[in-house]
Amino acid sequence: MVNEFHVGLNAAALLLALTLLIFTFIRKRTDRAQNVVFLLMLTAILINSSTEIISEFVFAYQKANPGFLVVRQITTFLYFFVHSMLALFFALYVGCVTRVITKISDRRSFVYSIPFIVSEIFVITNPFLHLVYYFDEDGRFTRNWGEAVIYIAAAIYMVLGLVVMLHLWEGLTIRKRWSLIYFFGMVIVGLVIQLLYKDIKSELYGEALAMLGVVMTIETEDGLVEPVTGIYNRTALHADLQNYRRLTSELELIFVRITNMDNILRNSGTKDINRLTDEVSEYLKTLIHRYYIYNVDPGQFVIIKNIDVGDKGRKIMGRLFKNFETSLTTDEIIAGIRERFNEEWQIGKYSIKLDTTIIKAEFPDNLSSSDEIFFLINSFVPSNLQGKVLSGRDLDFLMRRTAVEQAVNRGLMEKGFEVYYQPTYNLSDLKLHGAEALLRLHDKELGNVFPDEFIPVVEQMGLIDEVDDYVLRCVCEFINTGVIQKYNMASINVNLSVLQCMRNGFVERITDIVKGYGVPAEYITFEITESVGADDYDKLMKVMERLREAGFRFAMDDYGTGYSNMRSVFSLNYDFIKIDKSILWGAEESELGRIILENSVKMIKEMNKRIVVEGVETEEQINMLRTLEVDFLQGFYFSKPVPKNEFVRLVEAAR
C-alpha cells in the first residue's frame, strides 16, 4: 500500500519548493551568488521530494512488476546523490550571506570540500558496494553503516554554518539573525524527527519550511533594494560594511556624486530626479553588477569593487559563478563613468548635463571604518575639488570636515558662534538703511571658520534649526538695545535655510522666538536663498504668507546665481531682490555682463520689487548703479561684516 502520510509530507515539500522557485524567478532575484545557491537548494528539494513520491508509489506495485523495483533503485540513488549536496549548499549559503566565503583560500576550500567528496563517493559506489543502503531479496530498502558517513558529513557542514553565523553575529542585521536561526532550526528539527522516527519522513518538509523563512526575510531584500533599479540603498550599504569590517576585507570604493542635482530638482521636480536616477543606475549596471552598486542619496552612488563572492564560490563549485565578476579594473570603471558623464542624459524631452565628482578610496587605507565611509558620503566637497577624480591625499578634506564638525559642536557648547553685521545703504543719499546678520565661528583649534564651510556641515549634522534660532535670538537681543530705532534703520536681515522653512511647526517657532523678545516683526527681514524643488513651491509660499501676516518681510538672496530661477522671482512674494555680486562684477568686465545687469534691474523694477546690489567695492560701481536707479547697496566699499560692538561704533561714526 502507498504510505499516504509520507506522500503528503513530500508533496507539501515539493509544492512549497516549486512555489518558492517560481516566486524567486518572478522577483528576478537570481543574480547574486547567494541567490544561485538558494535556487540550488530549492532544486535539490524538488528532486528529492519527487523521487520520494515516486518511490512510495512504485513500492506498492514492485512485487507485481519487477520493473518497478528498478525504478525505485534509480530514484533512491538520485535521492542520496542529490541529498548529499544539500548540507554543503546550506553551508555555502551562510557563507554567501555573511560574505565569509570571500576569505576562503584555495587550500581551505579543498579541505572544506572533503566531507562532501567522501559522502558522494559512498553514494556513487553504492550500486556496487552497497555501503549506504541495499535492497534485499524481497525488494525491501535496508540502510547500511555508510549512511552514517553521509549524516556525519551533513553534520559537519551544519556545524560549520553555525560557527560562521555565530562568529559574524554582530555583523548581521536582526532580520538576518532570526532568519538564519529559523533556517537552521527547521532543518535540524526535520532531521532529528526523521532520525528518531524512521516512519516519519519529515526532513525534506523541514528543509522546505526553512526555505520559506529565508524567502520571507533574506531573499526578498525588502527595504534594502530600490524596487525599480534593483540596486541597493544606504541601509544595505551600512549592513554590508558591517560584514566587511568583521572580515577585515580590503575594499576599493568609488563614490559618484552628481553635484548639480539640486539645480535639476528645482527646475524639474522629483519625478525627473527619479527618472534620472533610474537612467544612471542602468548605466552603472553595464560596468559592474547591481549588487556592488548603492544609491545612498539622490544623485549619489557608491560602488564597491574587489569583493567577488562568485570568485571564491567558484573554487568550490567549478565554473558555476563565472558571470558574477567584472573584468574591468577600478580605474577602467572610473574612466567609463567620466566618459559617459561628459555626454548629456536624455530625460523625457530634455537633455541634461550632469556635473560629477568621483572619489576613489580604499578601505582600510584611506577610510578606516564604516563611520568614515558615511562621513565621506555626507561630507561637503570643497568647490575647488568638484568635477574631478579625487583619491589619496585629495581626501584630506574629509579630515577637515571631521575637524569642522568638532568645531561646530564646540561652538554650540562653548559659545564660539558670533553674529556679525554688514550694513546696507540707500543709494539715493548713501545713508544707512539696515544690516544683514551673518554668522561666524571662532574655534580655539581651527581659528576662524567661514560659513561656506561650516553651514553645509551644520545642515548635514541636523543642527541647522539650532544654529538659525541662535542667530535670530542674537538679532532680537540687538534690536532690543534700541540701536536700529535710534539710527532709523529699517530692519535687520536674517538668513533662513529652506530646509528649516519646510519643517512642521517652523512658523510657530519663529514667531514665538520674536514675540518672546517683544520685538516688532517689521524690524526683521528674512533672506531666503531659493533652492526648493518644483513640488515644494506651494509649501514655501504658504510659510512665507503666514510669516508675512505676522509682520515679517522677505528678500530673495543671490539672485543671478545657480540658486535662483524665474519661477521663484514671479511666484514667491518677496519685498526685496538681492542681486548677487557676480552680476555686478560681470557688468564691469563685458558688454554682455552689463546687458544682463541692466535687464535684470529693469525686470525686477517692473515687478515693483526693491533692489539690493551686493558686492559693491568701488565708487565707479556706485556711479553705474546710480544710473540704473537701484534702491540699496551692500559691500566692502562701505564695510565688511563686523562684530556687533564694532558695527555700533561704525553706525555712530557715520551719524
Side-chain angles (χ1 to χ4, degrees), residues 266-267 422-437 484 488-496 498 501 507 510-511 514 520-532 534 536-587 593-616 621-635 638:
R266 283 193 299 273
N267 294 322
Q422 185 176 26
T424 57
Y425 291 82
N426 293 291
L427 175 62
S428 58
D429 54 13
L430 298 185
K431 289 186 177 180
L432 187 68
H433 167 260
E436 179 182 359
I484 72 165
N488 296 319
M489 295 170 60
S491 67
I492 302 293
N493 289 20
V494 177
N495 290 281
L496 280 185
V498 172
C501 295
V507 173
I510 292 296
T511 53
V514 175
E522 57 265 24
Y523 284 142
I524 296 175
T525 297
F526 289 123
E527 289 191 15
I528 298 178
T529 300
E530 191 282 309
S531 59
V532 297
D536 294 324
Y537 269 101
D538 290 341
K539 187 171 184 179
L540 182 56
M541 288 171 63
K542 291 175 182 177
V543 168
M544 290 176 62
E545 190 58 37
R546 290 179 63 191
L547 288 174
R548 183 177 297 282
E549 290 173 358
F552 299 100
R553 289 180 291 181
F554 289 90
M556 178 183 179
D557 198 11
D558 294 327
Y559 174 82
T561 68
Y563 293 107
S564 62
N565 63 49
M566 288 301 102
R567 178 175 178 182
S568 175
V569 176
F570 289 117
S571 302
L572 300 178
N573 190 13
Y574 294 109
D575 300 281
F576 305 91
I577 304 294
K578 297 188 72 173
I579 295 179
D580 188 74
K581 58 181 178 291
S582 61
I583 300 295
L584 173 62
W585 296 349
R594 185 176 181 88
I595 292 172
I596 292 173
L597 174 62
E598 290 176 351
N599 282 279
S600 295
V601 170
K602 180 181 179 182
M603 180 190 70
I604 296 169
K605 290 177 71 173
E606 288 178 352
M607 291 189 294
N608 295 318
K609 311 289 186 185
R610 307 190 78 182
I611 301 172
V612 184
V613 180
E614 301 175 305
V616 177
Q621 291 172 339
I622 294 175
N623 292 332
M624 177 174 60
L625 293 171
R626 188 172 278 120
T627 63
L628 299 178
E629 297 182 347
V630 303
D631 300 290
F632 309 106
L633 309 175
Q634 182 180 8
F638 304 101

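Reckoned from all heavy atoms, side chains included, excluding hydrogens, waters and symmetry mates. Heads up: numbering here begins at 1 and tracks the sequence.
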Gap between atom CD1 of Ile596 and atom CD1 of Ile579 - 0.5 Å precision | 11.5 Å
If you round to the nearest 0.5 Å, how far is NE2 of His433 from OG1 of Thr424?
-> 5.5 Å
Which heavy-atom pair separates Asn493 from Ala555 by the least distance, and what is that distance?
-> ND2-CB, 4.5 Å
Are any non-hydrogen side-chain atoms of Leu427 and Asp631 less than 4.5 angstrom apart?
-> no
For Ser491, which of Glu522, Glu436, Arg553 qualifies under side-chain contact (heavy atoms from CB on, under 4.5 Å)?
-> Arg553
Once you round to the nearest 0.5 Å, how far does CE of Met541 lie from SG of Cys501?
-> 14.0 Å
Is there a side chain to side chain contact (heavy atoms under 4.5 Å, CB included) between Leu432 and Met489 once you walk through the steps?
-> CA-CA 7 Å; Leu432 187 68; Met489 295 170 60; 3.5 Å; yes
Using a 4.5 Å cut-off on heavy atoms from C-beta on, say whether the side chain of Lys605 contacts that of Leu628.
-> no
Under the ring-ring contact (aromatic ring centres under 6.0 Å, His included) rule, collect the residues that match up with Phe638, sequence neighbours excluded.
-> Tyr425
Regarding Ser582 and Asp580, is there a side-chain donor-to-acceptor distance under 3.5 Å anywhere?
-> yes
Is any side-chain heavy atom of Leu633 closer than 4.5 Å to a side-chain heavy atom of Leu430?
-> yes
Leu597 and Met624: CA distance, side-chain angles, deciding distance, side chain to side chain contact (heavy atoms under 4.5 Å, CB included) verdict | CA-CA 10 Å; Leu597 174 62; Met624 177 174 60; 4.2 Å; yes
Check against side chain to side chain contact (heavy atoms under 4.5 Å, CB included), Lys578 and Tyr559 | CA-CA 6 Å; Lys578 297 188 72 173; Tyr559 174 82; 6.0 Å; no
What one should report as the nearest heavy-atom pair of Ala550 and Ala521 is O-CB, 3.2 Å
Would you say the side chain of Met544 lies within less than 4.5 Å of the side chain of Ile528, judging by non-hydrogen atoms?
-> yes
Asp575: partners by side chain to side chain donor-acceptor pair (under 3.5 Å), with sequence neighbours left out = Arg548
Output the distance between atom CD (Glu527) and atom CD1 (Ile492), rounded to the nearest 0.5 Å.
-> 11.0 Å
Residue pair Glu614, Asp558: steps toward the side chain to side chain contact (heavy atoms under 4.5 Å, CB included) verdict | CA-CA 9 Å; Glu614 301 175 305; Asp558 294 327; 3.9 Å; yes
So, do Phe632 and Ile611 sit near enough that their side-chain heavy atoms are less than 4.5 Å apart?
-> no
Is there side-chain contact between Trp585 and Gln621, with at least one heavy-atom pair below 4.5 Å?
-> yes
Please examine the side chains of Val601 and Leu625, heavy atoms only from C-beta on, and report whether any two atoms are closer than 4.5 Å.
-> no
To the nearest 0.5 Å, tell me how far Leu496 CG sits from Asp557 CG.
-> 11.0 Å
Non-hydrogen side-chain atoms of Ile510 and Phe526 separated by less than 4.5 Å | yes
Sorted by chain and residue number, the side-chain contact (heavy atoms from CB on, under 4.5 Å) partners of Lys602 (sequence neighbours excluded) come out as Glu606
Calculate, to the nearest 0.5 Å, the distance between atoms OG1 and OH belonging to Thr525 and Tyr574 respectively.
-> 13.0 Å
